[in-house]
Amino acid sequence: MALDKSDVQSIAYLARMAISEEDVPAYAENLTSILTLVEQMSAVDTSGVEPMAHPLEMAQRLREDVVTEENRRDHFQQYAPAVENGLFLVPRVIE
Amino acid sequence: MHNKTIAELAAGLRAGEFTSEELTRAFIERIKAHDDRLNSYITVTEEQALAQAREADQRIAAGTAGPLTGVPLAHKDIFCTDGVRTSCASKMLDPFIAPYDATVVRKFREAGAVMLGKTNMDEFAMGSSNETSFYGPVKNPWDLGAVPGGSSGGSAAAVAARLAPGATGTDTGGSIRQPAALCGITGLKPTYGRVSRYGMIAFASSLDQAGPMARTAEDCALMLGAMAGFDERDSTCAEQLVDDYICGLNNDLKGLRIGLPKEYFGEGLDAEVAGAVEAAVDEYKKLGAEVVEISLPNTNLAVPTYYVVAPAECSSNLSRMDGVRFGYRCEEPKDLEDLYKRSRGEGFGPEVKRRIMVGAYALSSGYYDAYYLKAQKLRHLISDDFKKAFEQVDVIMGPTAPTPAFNLGEKKDDPVAMYLADIYTIAVNLAGLPGISVPCGFVGKRPVGLQIIGNYFDEARLLNVAHKYQQATDWHLRTPEGF
Amino acid sequence: MEWEVVIGCEIHTQLATKSKIFSGAATAYGAEPNTQACAVDLGLPGVLPVLNKEAVRMAVMFGLAVDAEIGRRSVFARKNYFYPDLPKGYQISQFELPIVGKGQLAIELEGGESKTIGITRAHLEEDAGKSLHEDFHGMTGIDLNRAGTPLLEIVSEPDMRSGAEASAYMRKIHSIVTYLGICDGNLQEGSFRCDVNVSIRPKGQEAFGTRAEIKNLNSFRFVEKAVEYEVERQIAIIESGGKVVQETRLFDADKGETRSMRSKEEANDYRYFPDPDLLPVVVEEDFIEALRKTLPELPDAKKDRFIEQFGLPAYDAGFLTSSRGIADYFEQVVEASGAEAKLCANWVMGDLSAALNREDKTIEQSPVSAEMLAGMLKRIVDNTISGKIAKEVFEAMWSGEGDADAVIEKKGLKQITDSGAIEAVIDEVIANNAQQVENYRSAEPDKRGKMIGFFVGQVMKATGGKANPGQVNQLLKSKLEG
């Protein structure tokens, strides 16, 4: 699967990453070669094979419903990029 | 002091030959003297280290010390360390001072180990050469023109150059074993779920596993004993008792069944590397082991499968790096979209961006079945290959990497060539098995590693098998010139 | 053209756990911003989720209550999108394998007939935080206290055909989750929110029309109104030759209109995949069976029992069982007062409900407890007060003036049943209203019935309403006739 420049831009948008126009061709080339490598997979017949999401066959462990965490807001917000009145600030969101 | 192994240092500390403070100071001095050439540390935590060392000395004096009390160690900069920058070698997390300790870090702290600092790595553990670090590449102490391997390249180089007696690493596709091989040290990737992932910044959650990197298998055993075990904060951490990794180290290898997968000795393998590995296998025969040729027929699919699974998971794992709550935020974002796009565009390096994009693509609508689901099915086949193999053999051996360390810059712009450096290590992560790399020779100045793969939770046997080899050989005792 | 309306609902119920679904942070409402957001809720690097057992229990309880298949092996998946109130850049939800599968419930339609609505599925997921748009120098503030609160998203089949049905469905789900005690049901605080998918199609046509999704409706009334508006809007578009666009809309309660949510219009590619940080959730048969035994009496069963046990009309029984709080309150009143169930029902449905509505309070917040109301009803039964005086007593209790006996005592509202005293008042009324007495006596007997009202009124006025009305009537008649 060869990716062109607009594919690169749309994937970059999906991942919310700015990619400068001049870097796009290199990404297109590299991503294409990675996808070519990956497409070796398609040669294998996997019908009837169960997908494997985890290496170990374990079931999810369940936590008791107990409050164990206390307020550590100031500690967590110490190095946050922008904070006011305990809120994280971002450019205005319009709904 | 710096040439001693962890086991020897621990004995020396307990015998009162030196204090932890002296020992720690000696390593800090060595880092100051030598790391300019290697760039193996991102952060050296001198003050905290000395404070921890003094505390350890008190514990030793009080007779409440454990085996690692007072031993200085380094942590890969992927583990969160409370109050200390935890960068993952990324501009994105350069401003991130972790507000908590990773479970692994906490366990070492509680064991009384001293943290020397945080080691360099490939950005977010994505790379096999340590060239993707925001803080610059790490050099291989055996040959400053060569890469140390990656992603735990800083840990491997620091241990090889005696800038730390041991260090933690993480291994998602070979990131402990491959740099251990390239730097001539011993590195163990435990079974998935053996060591808690809590506080270890995730690259690919279903593959990541933390492990020890040290000069000897015995030291790895000491470190693993401290790291391993159940953690209620990690759902994927196994509720499985931790073996005593020390007591079986000297078990006899007579009758040990070693499987040699024919696929690991084929095209692409450097002839001298092959020779070193074969010589190691001969050494095992002398120790009484039996060698069986086996087949892992889906070996060639491991790299393609991995480069779907790992990027898919990382594309999602790294979404939290958005410039909102921590880490890097671009200057004066003009709106929310701009904040995301520029913070992430400027904060991530090119290899991280490539993997995020591959992953986002593989999960996107219309491609999920052909890429992600297909890869999960192949993962099953690859895993089944090992299950069958372990019906016949106790351990599997082969080269850790197809070549010795390559030159700095050699594969930097060719991601696919770089990915193939992990061809023998990746399948182990897909299956979730433990694997260890042990020094077994040199090609010129550059070390070669023997990879030993074990069955699930069979780390004690791997360490035993590696240790017996190290009793019979001295590859692991060699020191790089100039260090 | 005759149109058929097709509606399906997605209801988000916040589960009433103490801690979050994947962390040990508290879920209490109304805390200072970000003081209940721990490292896991903030999505700090390196943190991992561990599932809350209580959330699983509650989801299974719901499944059992709507007769659904329980997912013996359910899987958490990541729904990937960027939004500032979504700290990790993905929401942990369930996609292919939810914890609750197909089920059903019955709703009551106007006129008393009932209709079965299919439940497609219900899955566990985490709630997002909140964006606060007050002015922070042109910035938006993010509060992540709510992030990680467990939600059960209940998805219905497109089985509803009107706003009233959608609203009845929402009420029914509300009553089930509150009966089960798995959700506090607080609509104002957002514990219970409904998204409705609305489309129309020509009557008789099988294929569905294009739907619009109206998000975040947090009142039963809004659901009905939003649907009505939306149906009119869609009909108008189609009948004027246009096409309905598939989109997300918001309901503006002040204007009674829905409007397009432009920011969410772009097609999202959520890239769902199984969350590798979480393992499959396995629910064992014995766990399910043990839970089945703890299921409380549900609204439908309770309604049938109220009809049977208390002889109440179906309407009353339906009203009283619409929430567990009201039903429990009613039963307490019946038991404590020993009064007739119908009298108790009238008071709960009448004055009490009116007062609650007036002050926008839930039954749990009622200043008049079940014991207090029962105490007052006892005084009606034993003739200490009349039903009319009781209204005054009720209002006094409501405004905190004490229980019924205290109010009756303090205000001197005790009914006058001494016939001598009543007769004295009657005599005075007769003496002061000679003309009316004259009129009464000269009127035809069949007209006198109405005319006596005047005298009753005068007597009640003179006694401050305290005279026993039955006695007043009887005594007046005999005196006037006499």
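Lettering follows sequence order; numbering is per chain, from 1. Only heavy atoms go into these numbers, but all of them, side chains included; no hydrogens, no water, no symmetry mates. Because the structure is predicted, anything quoted here is derived from the model rather than measured.
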Out of [options], which one racks up the most heavy-atom pairs below 4.5 Å with chain C?
options	answer
Cys80(B), Ser365(B), Gly359(B)	Ser365(B)
Gly199(B), Ser206(B), Ala204(B), Pro99(B)	Gly199(B)
Met321(B), Arg344(B), Glu232(B)	Arg344(B)

Exercise. Are any side-chain N or O atoms of Asp269(C) and backbone N or O atoms of Ser364(B), one a donor and one an acceptor, separated by less than 3.5 Å?
Worked result: no
For this session: Output the option from Ile142(C), Leu278(C), Leu42(C), Leu144(C) having the highest count of non-hydrogen pairs under 4.5 Å with chain B.
Result: Leu42(C)
For this session: Could you have a look at Pro45(C), Pro87(C), Ala39(C) and say which one has the most heavy-atom pairs with chain B under 4.5 angstrom?
Result: Pro45(C)
Problem set entry | Qualifying residue for side chain to side chain donor-acceptor pair (under 3.5 Å) with Ser316(B), from Asp275(C), Asp277(C), Asn80(C) | Asn80(C)
Exercise. Where does Tyr272(C) contact chain B at under 4.5 Å (heavy atoms): side chain, backbone, both or neither?
Worked result: backbone
For this session: With a 4.5 angstrom heavy-atom cut-off, could you sort out which part of Leu44(C) is near chain B: side chain, backbone, both or neither?
Result: both
Does [atom1] belonging to [X] count more than 12 external heavy atoms closer than 6.0 Å?
X	atom1	value
Lys91(B)	NZ	yes
Glu331(B)	CD	no
Glu332(B)	CD	no
Arg211(C)	CZ	no
Glu189(C)	CD	yes
Glu32(C)	CD	no

Problem set entry | Side chain, backbone, both or neither of Phe79(B) within contact of chain C (heavy atoms, under 4.5 Å) | neither
For this session: Can you tell which part of Arg325(B) gets under 4.5 Å to a heavy atom of chain C, answering side chain, backbone, both or neither?
Result: side chain
For this session: Return yes if a side-chain donor-acceptor contact under 3.5 Å exists between Asn317(B) and Arg78(C), otherwise no.
Result: yes
Exercise. If you measure only the distance, is there a donor-acceptor pair under 3.5 Å linking the side chains of Tyr90(C) and Arg320(B)?
Worked result: yes
For the [atom1] atom of [X] and the [atom2] atom of [Y], what is their distance to the nearest 0.5 Å?
X	Y	atom1	atom2	answer
Tyr81(C)	Ser319(B)	OH	OG	12.0 Å
Arg197(B)	Leu48(C)	CZ	CG	5.0 Å
Asp322(B)	Lys88(C)	CG	NZ	11.5 Å

For this session: Can you see which heavy atom on Phe326(B) is nearest to which on Gly43(C), and at what distance?
Result: CE2-O, 3.6 Å
Exercise. Can you name the closest pair of heavy atoms from Tyr198(B) and Val40(C) and give their distance?
Worked result: OH-CG2, 4.2 Å
Problem set entry | Centroid separation Tyr372(B) to Phe273(C) less than 6.0 Å | yes
Exercise. Can you list the steps and then say if Leu339(B) with Phe82(C) is a side chain to side chain contact (heavy atoms under 4.5 Å, CB included)?
Worked result: CA-CA 11 Å; Leu339(B) 166 73; Phe82(C) 287 90; over 6 Å; no
